[in-house]
Amino acid sequence: MINITLPDGSVHQYESGVTPLDIAKGISEGLARNVLAAKVNDKVMELYRPINADSTVQLLTWNDEEGKSTFWHTSAHLLATALQELYPGIKFGIGPSIENGFYYDIDFGDYQVSSEDFAKIEKKMMELVQAKTPIRRREVSKAEALKTFGDRGEVYKVELINDLEDGTISFYDSGSFTDLCRGPHLVDFSPIKAVKLINLAGAYWRGDEHRPQLTRVYAISFPKKKELDEYLVMLEEAKKRDHRKIGKEMGLFMFSDMVGKGLPIWLPKGTDLRLRLQDFLSKIQKRYGYKQVMTPHIGGKQLYVTSGHWDHYGADSFRPITTPEEGEEYLLKPMNCPHHCMIYKNEPMSYKDLPLRLAEFGTVYRYEQSGELHGLTRVRSFTQDDAHIFCRPDQVKDEFIKVMEIIEIIFKALSFENFEAQISLRDPNNTTKYVGTDENWAKAEQAIVEACQEKGLKAKVEYGEAAFYGPKLDFMVKDAIGRRWQLGTIQVDYNLPERFGLEYIGSDGMKHRPVMIHRAPFGSMERFCAVLIEHTGGKFPLWLTPDQFIILPVSEKYVEEAKAMKAHLEDMNLRGSIDMRDEKIGRKIRDAELAKYPFMLIMGEKEIGEGTLSVRRQGAGDLGTMKPEDFAALIGKEISEVM
RNA sequence: GCUGCAGUAGCUCAGCUGGUAGAGCGCAUCCUUGGUAAGGAUGAGGUCACCGGUUCAAAUCCGGUCUGUAGCUCCA
């Protein structure tokens, strides 16, 4: 007999050789039906794999990330099986699960495959599901693996096998299809009840542009048909919320070929929105002891040679600007930090001056590959809500905590209810690509981990994701339809203080090196606004929206009164506009609803007579009449609830 | 940067296999002066992204450029 420990801590006795599926059956029929894979001693494996020693076992379902990824990974095999039957002789690359679904990279040879073939492929996949063909693992020697795939001319698989060590190679058979695969997989295809091919895209073999380009088939699958339908609705919703579309419709920003690609132009309404965000953050930062600075948009090349950025990114940057007479070289600034280091150096610093927190909404310019540009989320000119905190090593943790508080305040005010954090540490197996001493790295990494613990922040640790100059903490938010976006960041930097020779005089009268912390709660104003647009679908919170109200005069006769009312409301710190078109009231309401004005204020003979407004809330309808003062109070109250 | 796809009025798009351009919305003017999601009439707007080629003839076919887009690679 062996002891099996379940996640709740309970220990159960089983015969040696028990399978996870047996264990699931022992718990409940329902669980046995829904279980997809099992995590045995932290290793995910198939439900039919016998357990021969004392183990901890977690049964994985669709609700577990690992259950889901197993489901999708098996779906990738299902896709491959279907494709092989439809297109004999195609060559397979890799087929992993991804965040939303899975893909398979395929060399289709002479076959022409397009999205018009999707229905046919989906149909074939569902036929294979019906067949209930078992999927079985088998371990093979390297020689055998090479022979199997070599005979079939599967050049990509052969290359993969060549990189593997003998004794670690496994195959998975499902009917006529055999794949090189680490696994694990479902027992058979039958839990897959719905599949949908999403799109086709080119993808270089092993991500290398000098190697052949394969066709990547993206798809997603679900255990219930209904979940697929919901997913497709979500995709539609995402399309509707696309910030590029809403930005155009609402007149927030634009691009111009003449100005240049990747260079966003902020229109009056977008500028209003962005400035309001900046003011909001500035006020919080003031409370937290930040000092605002401003620095030029270009800087001497030597500044970036000293900072190390020239070495690291110079080749991938805009070319230097040169002066006509002297030939001096300047760079469009890609970073604000070197400028801020100069501010630090402007005066001798004492330990009593630290932490010094310098903040700047600094516009930076980076040459991004043209294929990378995307709306406001990836641009060549953007404004960071940047700040650099210069502090003593013993202050790092406290400063981290303070920045985390600022980020919390912001996320709350913008109703990003769900956020998570990622701690990026260096790759312990390859420490040479980082600058700075081992000791400093260890200290900084520890400070971040401890700060997260103290704030009770759930943070995922990722090794090898750190920047070359220091570890960092990134914040991810989930938007209203469940998509994850990376926003704010806090990064420790032991490198720049070293390179710029920054110092302070300690209480011991000796010179010491400060630590620098880069932080940007929004990240970039452009990207943040894009995420905010998609999160809210253009229905911004009242405190932020460019127009809080629109006055709709019932007829042209009341335009003068509407103008007076607008001025009156503006005196009470509200902002809005008037629809002065010669249209009927129903039409004005419809247009204002579609334009997402939060409040519509209807003024006709009745309201003017009694000095009131008919208030209508976007999406909610008529709220009845009220005095302008009461309307202002209503808005004031709603704003104070989030701020 | 690489590969695929696309570019027609301010916006969304139609225009089959070549015969020199259309709708809806928006905009302007006029009529209408209205009561909680589209009142009516009239009108203006396009070098069909740009450059070149094929052709009697190109929005349409071919090549190149630019821009957008889906991915790949990259991201201080």
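Side chains are part of it too, since the values below use all heavy atoms of this structure and drop only hydrogens, waters and symmetry mates. Proteins get letters first, then strands, A, B, ... in listed order; numbering begins at 1 in each. As the structure is a prediction and not an experimental result, all values here were calculated from the model.
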So [X], base contact, sugar-phosphate only, or nothing? Heavy-atom distance under 4.0 Å.
X	value
D622(A)	base
S614(A)	base
G371(A)	base
I585(A)	sugar-phosphate
G207(A)	sugar-phosphate
F255(A)	nothing
E605(A)	base
K588(A)	nothing
R527(A)	nothing
K261(A)	sugar-phosphate

Now, which nucleotide makes the Watson-Crick or G-U wobble pair with [N], with each of the two distances under 3.5 Å?
N	value
U67(B)	A6(B)
G24(B)	C11(B)
A44(B)	none
U17(B)	none
G35(B)	none

- Query: Just wondering, are more than 12 heavy atoms of other shown residues or ligands nearer than 6.0 Å to CD in E249(A)?
  - Reply: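 Counting other residues, nucleotides and ligands, CD of E249(A) exceeds 12 neighbours.
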- Query: Would you call the rings of F390(A) and Y344(A) parallel, tilted or perpendicular, where under 30° means parallel and over 60° means perpendicular?
  - Reply: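 Tilted: the ring planes of F390(A) and Y344(A) meet at 30° to 60°.
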- Ring geometry between Y367(A) and F318(A) (parallel below 30°, tilted from 30 to 60°, perpendicular above 60°): perpendicular
Can you figure out which of [options] approaches the side chain of [X] most closely?
X	options	answer
I602(A)	U67(B), U69(B), U36(B)	U36(B)
R216(A)	C11(B), C72(B), A76(B)	C72(B)
I589(A)	G71(B), G34(B), U36(B)	U36(B)
M335(A)	G71(B), A76(B), C27(B)	A76(B)

Which whole-number value in Å describes the distance from [X] [atom1] to [N] [atom2]?
X	N	atom1	atom2	value
D257(A)	U69(B)	CG	P	11 Å
N199(A)	U69(B)	CG	C1'	12 Å
Q369(A)	U67(B)	CD	P	15 Å
M600(A)	G35(B)	CE	C1'	15 Å
E583(A)	C31(B)	CD	C1'	13 Å
L594(A)	G24(B)	CG	P	19 Å
R378(A)	A76(B)	CZ	C1'	11 Å
H243(A)	U69(B)	NE2	P	9 Å

Minimum heavy-atom distance between [X] and [Y], given as atom pair plus value:
X	Y	answer
T306(A)	R499(A)	O-NH1, 3.0 Å
M516(A)	P497(A)	CB-CG, 3.8 Å
R319(A)	W310(A)	NH1-CH2, 4.3 Å

Please give the distance between the [atom1] atoms of [N] and [M] as a whole number of Å.
N	M	atom1	answer
C25(B)	U60(B)	C1'	26 Å
U3(B)	G15(B)	P	29 Å
A9(B)	A23(B)	C1'	11 Å
A6(B)	A14(B)	P	12 Å
A21(B)	G64(B)	C1'	26 Å
G45(B)	C5(B)	P	37 Å
G18(B)	G53(B)	C1'	15 Å
U8(B)	G46(B)	P	15 Å

Closer than 4.0 Å, any side-chain N/O of [X] to the OP1 or OP2 of [N]?
X	N	result
R590(A)	G35(B)	no
Y103(A)	A70(B)	no
K557(A)	U33(B)	no
R244(A)	U69(B)	yes
H374(A)	A70(B)	yes

Tell me whether the side-chain N or O atoms of [X] pair up with the base of [N] as donor and acceptor below 3.5 Å, since no angle test is needed here.
X	N	result
E372(A)	C72(B)	yes
D582(A)	G39(B)	no
R211(A)	C72(B)	no
R616(A)	A37(B)	yes

- Task: Based on the glycosidic angle (syn within 90° of 0, else anti), state the conformation of G45(B).
- Result: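 Glycosidic conformation of G45(B): syn.
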- Message: For A76(B), is there a stacking contact with Y469(A), counting only centres under 5.5 Å and planes under 30°?
- Response: no
- Note on the structure: Whichever of L373(A) and K472(A) has the more 5' nearest nucleotide on RNA chain B, that residue is L373(A)
- Query: When you match D208(A) and Q491(A) each to their closest nucleotide on RNA chain B, which lands nearer the 5' end?
  - Reply: D208(A)
- Charged N-O contact under 4.0 Å between R590(A) and E593(A): no
- Message: Please check this pair: side chain of Y111(A) against backbone of L86(A), looking for a donor-acceptor N/O pair closer than 3.5 Å.
- Response: no
- Item | Result of checking I265(A), T271(A), L376(A) against F253(A) for side-chain contact (heavy atoms from CB on, under 4.5 Å) | L376(A)
- Item | From CG (D386(A)) to CE (M525(A)), nearest 0.5 Å |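 Taking CG in D386(A) and CE in M525(A), the distance rounds to 12.0 Å.
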